[in-house]
Amino acid sequence: MTDLSQIVKAYDVRGVVPDQWDESLAELFGAAFVEVTGADAIVTGHDMRPSSPGLSGAFARGAAARGADVTEIGLCSTDELYFASGALNLPGAMFTASHNPAQYNGIKMCRAGAAPVGQDSGLADIRALVERWTTEGAPEPAATPGTVGRRDVLGDYAAHLRTLVDLSGIRPLKVVVDAGNGMGGHTVPTVFEGLPLELDAMYFELDGSFPHHEANPLDPANIVDLQARVREVGADLGLAFDGDADRCFVIDENGDPVSPSAITALVAARELAKHPGGTIIHNCITSWSVPEVVKENGGTPVRTRVGHSFIKEEMAKTGAIFGGEHSAHYYFRDFWNADTGMLAALHVLAALGGQDGPLSGLVAQYDRYAASGEINSTVADQAGRLAAIKTAYEGRPGVTLDELDGLTVTADDWWFNVRPSNTEPLLRLNVEARDAATAERARDEALAIIRG
């Protein structure tokens, strides 16, 4: 029997195909998804990985066997699937492994209106059913099976995004987009069509083997080509999408990466201009600049744990208008509280194109502190190392600790957060300070304990 604990993660299903899971298991997940959600209709989509169409089709068969009508939207980005779930008010399943290597695939599931499915909101129940059925045999089909049909929503998705950001008056811009052979190559041409943009397209060919680089722009090695191209052609900015195109990373005209925290602050200011006094969600690893900018623009910042299910839950609870994460996930109330890197990219284009200065000057007001970026350390005992850090800093004058997500240690002029990975024997460290020298000292002291 397949060990589902190896593929069912905190928010999704993800593993190597066919070693860890295959179409027969996908069919059971489809049946279990319908059983747990109680849906009589669902929507599915998939990315460009070679295994995605087969897995998605098997999931649809399993769902239809349990009596649900399935609308397949075919090739799409994850945020396009969220659009379909929201616009059609149907539970959805997206087949993708996002930025993971080519041999992986997975499922991101949501309830109607793009509401999240996490461990505490249905995923554990889905896993339990699949485990039972793999042992006892598949369930009997419904008396009346559902239907499976196709629908193209790319044009509707693009049109909806364009209603959320006013791009009518922007100046002409030269933009380089690196799609990483992922789904950005499918969505960008339609979303950008008709805008005053000179588009320089890099790696737009859909290829799940990722022949040029991994589709993970969070790794600096994977944006080197984009940075060079921006400098070479004298572009106004560069955009990099991950494999399923739900995250977007931004490069300025000098080829330098723009911090996702700075983008979060920029978009927050723009959303607060539309919705004065609104609430903005940010996770505990975003820069100090995010809550500062939110307050300066009359909004209320709310800090939460890392991860889309936590962000979406907090957005629903507080009625927040926008949320951002250090990993370049951006969430919008106007997009069913779901994350869409494409909408964040449109905000950047609107902000840059609405004034005459360069992007580096525009974002400088939002990029106020020195940061380490995420530093991973392999440790044998995650809990033991976290306890050692807590012991080392607890009781220090002027230092506070909180355990909202991992451990955050805060002083007057620096802070750091350490979180355990859910899937690997790693601790992830993020440090920020008022200047680079202080950030380096805080980083080195924390790492000495983590790796000690």
Side-chain angles (χ1 to χ4, degrees), residues 10 218 220 257 259-265 268 279-296 299-307 310-311 313-314 318 323-329 364-452:
L218 192 60
S259 159
S261 285
I263 299 300
T264 296
T279 296
I280 304 292
I281 308 298
H282 66 98
N283 72 26
C284 61
I285 301 177
T286 53
S287 170
W288 269 333
S289 66
V290 174
E292 289 174 358
V293 167
V294 170
K295 292 175 184 176
E296 289 162 9
T300 301
V302 173
R303 179 172 173 264
T304 189
R305 295 178 63 181
V306 173
F310 302 117
I311 299 281
E313 180 183 349
E314 198 66 33
T318 63
E325 296 199 82
H326 70 297
S327 54
H329 281 287
Q365 61 188 304
Y366 305 116
D367 197 3
R368 303 173 177 180
Y369 302 102
S372 67
E374 192 154 272
I375 302 169
N376 291 326
S377 300
T378 301
V379 296
D381 180 7
Q382 292 172 320
R385 290 295 86 205
L386 280 171
I389 297 167
K390 185 175 181 179
T391 299
Y393 288 92
E394 207 164 29
R396 283 196 192 184
V399 173
T400 61
L401 282 66
D402 77 69
E403 297 178 81
L404 173 67
D405 194 350
L407 177 66
T408 301
V409 180
T410 304
D412 288 340
D413 56 354
W414 56 265
W415 65 266
F416 70 77
N417 172 273
V418 184
R419 292 182 305 123
S421 166
N422 290 322
T423 57
E424 301 171 273
L426 300 175
L427 287 178
R428 308 189 190 282
L429 172 69
N430 284 269
V431 183
E432 184 176 68
R434 300 193 187 280
D435 59 74
T438 303
E440 289 174 7
R441 285 196 300 272
R443 176 200 66 197
D444 292 346
E445 183 177 8
L447 283 176
I449 301 169
I450 291 169
R451 296 173 178 177

| said: Let me confirm one number: the CG-NE2 distance from Asn283 to His326, rounded to the nearest 0.5 Å. | reply: 6.0 Å
| note | In terms of heavy-atom contacts, Pro301 and Gly299 come closest through CD-O, 3.7 Å
| Sub-3.5 Å donor-acceptor pair from the side chain of Thr264 to the main-chain atoms of Gly324, do we have one? | no
| request: Compare all side-chain heavy atoms of Arg368 with those of Val293 and state whether any distance is below 4.5 angstrom. | output: yes
| query | Ignoring hydrogens and geometry, is there a side-chain-to-backbone donor-acceptor pair from Ser289 to Tyr366 under 3.5 Å? | reply | yes
| field | Derivation of the side-chain contact (heavy atoms from CB on, under 4.5 Å) call for Ser377 and Leu429 | value | CA-CA 8 Å; Ser377 300; Leu429 172 69; 6.0 Å; no
| said: I need the minimum non-hydrogen distance between Ala370 and Ala439, along with the two atoms involved. | reply: O-CB, 4.0 Å
| message | Is the shortest side-chain heavy-atom distance between Ile449 and Tyr393 below 4.5 Å? | response | yes
| said: Between Val306 and Ile285, is there a side-chain heavy-atom distance shorter than 4.5 Å? | reply: yes
| query | Between Gln382 (side chain) and Leu426 (backbone), is there a donor-acceptor pair under 3.5 Å? | reply | yes
| said: For Val399 versus Ala411, what's the shortest heavy-atom pair and its separation? | reply: CG2-CB, 4.2 Å
| request: Side-chain contact test, heavy atoms from C-beta onward, threshold under 4.5 Å: evaluate it for Glu292 versus Tyr369 and give yes or no. | output: yes
| Are Thr400 and Asp402 side-chain neighbours, meaning at least one heavy-atom pair lies under 4.5 Å? | no
| said: Contact between Ile375 and Phe416 at the side-chain level, heavy atoms closer than 4.5 Å - yes or no? | reply: no
| query | Pick one: which of Leu407, Val379, Asp381 meets side chain to side chain contact (heavy atoms under 4.5 Å, CB included) with Leu386? | reply | Leu407
| request: Check Ser261 against Val290 and note the closest heavy-atom contact, atom names and distance. | output: O-CG2, 3.5 Å
| message | If I compare all heavy atoms of Pro260 with all of Glu325, which pair ends up nearest, and what's the gap? | response | CB-O, 3.9 Å
| task | Rounded to the nearest 0.5 Å, what's the gap from CD1 on Ile311 to OG1 on Thr304? Could you check? | result | 5.5 Å
| request: Find the distance between CG (Asp444) and OG (Ser372) and round it off to the nearest 0.5 Å. | output: 10.5 Å
| query | At what distance, to the nearest 0.5 angstrom, does SG of Cys284 lie from CG of Asn417? | reply | 4.5 Å
| query | Charged N to carboxylate O below 4.0 Å: is that the case for Arg305 and Glu313? | reply | no
| task | Flag the pair Thr408 / Arg303 as yes when at least one side-chain heavy-atom distance between them is below 4.5 Å, and no otherwise. | result | yes
| Just by distance, do the side chain of Glu432 and the backbone of Trp288 share a donor-acceptor pair under 3.5 Å? | yes
| note | Note: Ala262 and Asp367 closest approach over all heavy atoms is CB-CB, 4.2 Å
| said: Taking the side chain as everything from C-beta on, heavy atoms only, tell me whether Asn376 gets closer than 4.5 Å to Thr378. | reply: no
